[in-house]
Amino acid sequence: MMSAWKKQCLVVAMAATMAGSASAIVTVTVSRTAGYYDTTYGGGEFTLKGSPWANPAHYSPKTLVAGGFQTFCLELNEGISGQPFAAELNLAAVNGGLGGGSPDPLSIGTAWIYKQFAEGNLVGYDYTPGPGRAASARALQETIWWLENEQGDPGAGNPFRNLILSKFGTVTAARADYDPSTAGFNVRVVNMYGIDKITGQPDYTARKQDMLVYLPDGGVTLVLMGGGLLGLAMLRRKD
């Protein structure tokens, strides 16, 4: 029988190893799912698949689709051609899109409103697939682009723009750089790149669209509820 002390050490080591790998490069694909986006529009929702981040421990079932999680893009002028992509986590968009430098730090407003969306709690968002959800997705995407200086004010008819101003008071406050150490929640930018066909390694010159992911507890909850559960189950079998 494995001693309790040894079991605890192995669990801690496993968690530390996997938490460290939460920012490692993974291979992902991105698509759009019918009923979850406006077909006349190039924005989200998007379905990101292939990562370890689509976890029901923190994403609502409303925002988990076909084995992936729902997300939005940050840059108005970058696309998702040439899949699959190499993806890694960051606190900023790379190359910044139309309205930012490189890196272009994630805003607190974008991080906060995406958290609300991911948890299935975004006030005014229609989570039922169909025309209502497509309209909500477009309104939220336009709000994110506005917060990230990719487009102008979407106007008072946009409920999520209004929610941001109600929460933060001013657009300047909402556009402040997001700092997870003070925000109390963990959202990250998913930086995506093409993959070199010869080496199989990320091609950092082939920048693709940057998107959003929600990772509570800095990713520790994620790894423990994901691959870590398998390890815990293995330890139990040895008792």
Side-chain angles (χ1 to χ4, degrees), residues 18-39 41-75 78-91 93-94 106 110-111 113-120 122 125 127-130 133-134 136-138 140-141 144 186-197 200-204 206-230:
M18 287 185 291
S21 67
S23 61
I25 295 170
V26 298
T27 300
V28 302
T29 61
V30 179
S31 62
R32 295 199 293 177
T33 303
Y36 291 78
Y37 71 98
D38 184 338
T39 58
Y41 184 65
E45 299 175 28
F46 294 90
T47 305
L48 193 149
K49 300 180 182 180
S51 78
W53 308 316
N55 196 290
H58 51 287
Y59 273 94
S60 165
K62 302 172 187 176
T63 54
L64 292 173
V65 177
F69 65 89
Q70 297 304 98
T71 187
F72 292 84
C73 57
L74 294 174
E75 299 157 317
E78 290 189 353
I80 55 171
S81 62
Q83 301 194 44
F85 303 134
E88 58 187 352
L89 303 185
N90 199 349
L91 287 171
V94 176
L106 181 65
T110 294
I113 205 165
Y114 181 70
K115 173 185 180 290
Q116 307 306 307
F117 164 80
E119 292 180 331
L122 180 55
Y125 202 94
Y127 285 95
T128 302
R133 182 155 184 163
S136 288
R138 178 165 184 161
L140 180 53
Q141 180 67 83
I144 290 170
N186 286 280
V187 170
R188 294 292 186 273
V189 177
V190 183
N191 296 146
M192 291 187 284
Y193 304 90
I195 298 175
D196 189 288
K197 294 181 179 179
Q201 298 300 309
D203 178 358
Y204 288 106
R207 299 185 181 95
K208 304 298 180 180
Q209 182 60 252
D210 291 330
M211 296 189 177
L212 295 162
V213 64
Y214 177 38
L215 294 174
D217 302 338
V220 174
T221 296
L222 171 71
V223 297
L224 288 176
M225 294 300 294
L229 288 179
L230 176 61

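Nearest heavy-atom pair, Pro84 versus Thr27, reported as atom, atom and distance to 0.1 Å: CB-CG2, 3.7 Å.
Distance CD/Gln70 to OH/Tyr36: 6.5 Å, rounded to 0.5 Å. Between the CD atom in Glu75 and the CG atom in Asp210 there is a gap of 4.0 Å [rounded to 0.5 Å]. To the nearest 0.5 Å, atoms CD (Gln201) and CD1 (Ile25) are separated by 7.5 Å. Once rounded to the nearest 0.5 Å, the distance linking CZ of Arg133 with OH of Tyr127 reads 7.5 Å. Separating the CG atom in Leu48 from the CZ atom in Phe72 is a distance of 13.0 Å, to the nearest 0.5 Å. Between the CD atom in Glu45 and the OG1 atom in Thr71 there is a gap of 9.5 Å [rounded to 0.5 Å].
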Run Val28 and Phe85 through side-chain contact (heavy atoms from CB on, under 4.5 Å) and show every step you take. CA-CA 5 Å; Val28 302; Phe85 303 134; 4.2 Å; yes
Using side-chain contact (heavy atoms from CB on, under 4.5 Å), reason through Leu89 and Trp53 one step at a time and then give a plain yes or no. CA-CA 11 Å; Leu89 303 185; Trp53 308 316; 3.5 Å; yes
Please step through side-chain contact (heavy atoms from CB on, under 4.5 Å) for the pair Phe69 and Ser51, ending with a clear verdict. CA-CA 9 Å; Phe69 65 89; Ser51 78; 3.6 Å; yes
Would Tyr114 and Leu106 count as a side-chain contact (heavy atoms from CB on, under 4.5 Å) if you check the C-alpha gap in whole Å, the side-chain angles of each, and the deciding distance to 0.1 Å? CA-CA 11 Å; Tyr114 181 70; Leu106 181 65; over 6 Å; no
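Residues Ser31 and Thr47 have side chains that never bring a donor and an acceptor to within less than 3.5 angstrom of each other.
The backbone N or O of Ser81 lies less than 3.5 Å from a partner atom in the side chain of Lys208, making a donor-acceptor pair. Counting only distance, with no hydrogens or angles, the side chain of Thr63 and the backbone of Ala118 share a donor-acceptor pair below 3.5 Å. Counting only distance, with no hydrogens or angles, the side chain of Arg32 and the backbone of Gly43 share a donor-acceptor pair below 3.5 Å.
Among Thr110, Leu74, Leu91, the single residue meeting the side-chain contact (heavy atoms from CB on, under 4.5 Å) criterion with Val189 is Leu74.
For Arg138 and Tyr41, the positive end sits near the middle of the six-membered ring, less than 6.0 Å away and at most 45° from its axis.
We find that Lys62 and Glu119 are not joined by a salt bridge, their nearest charged nitrogen and carboxylate oxygen being 4.0 Å or further apart.
Side chains of Ile80 and Met211 form a contact here, defined as non-hydrogen atoms less than 4.5 Å apart.
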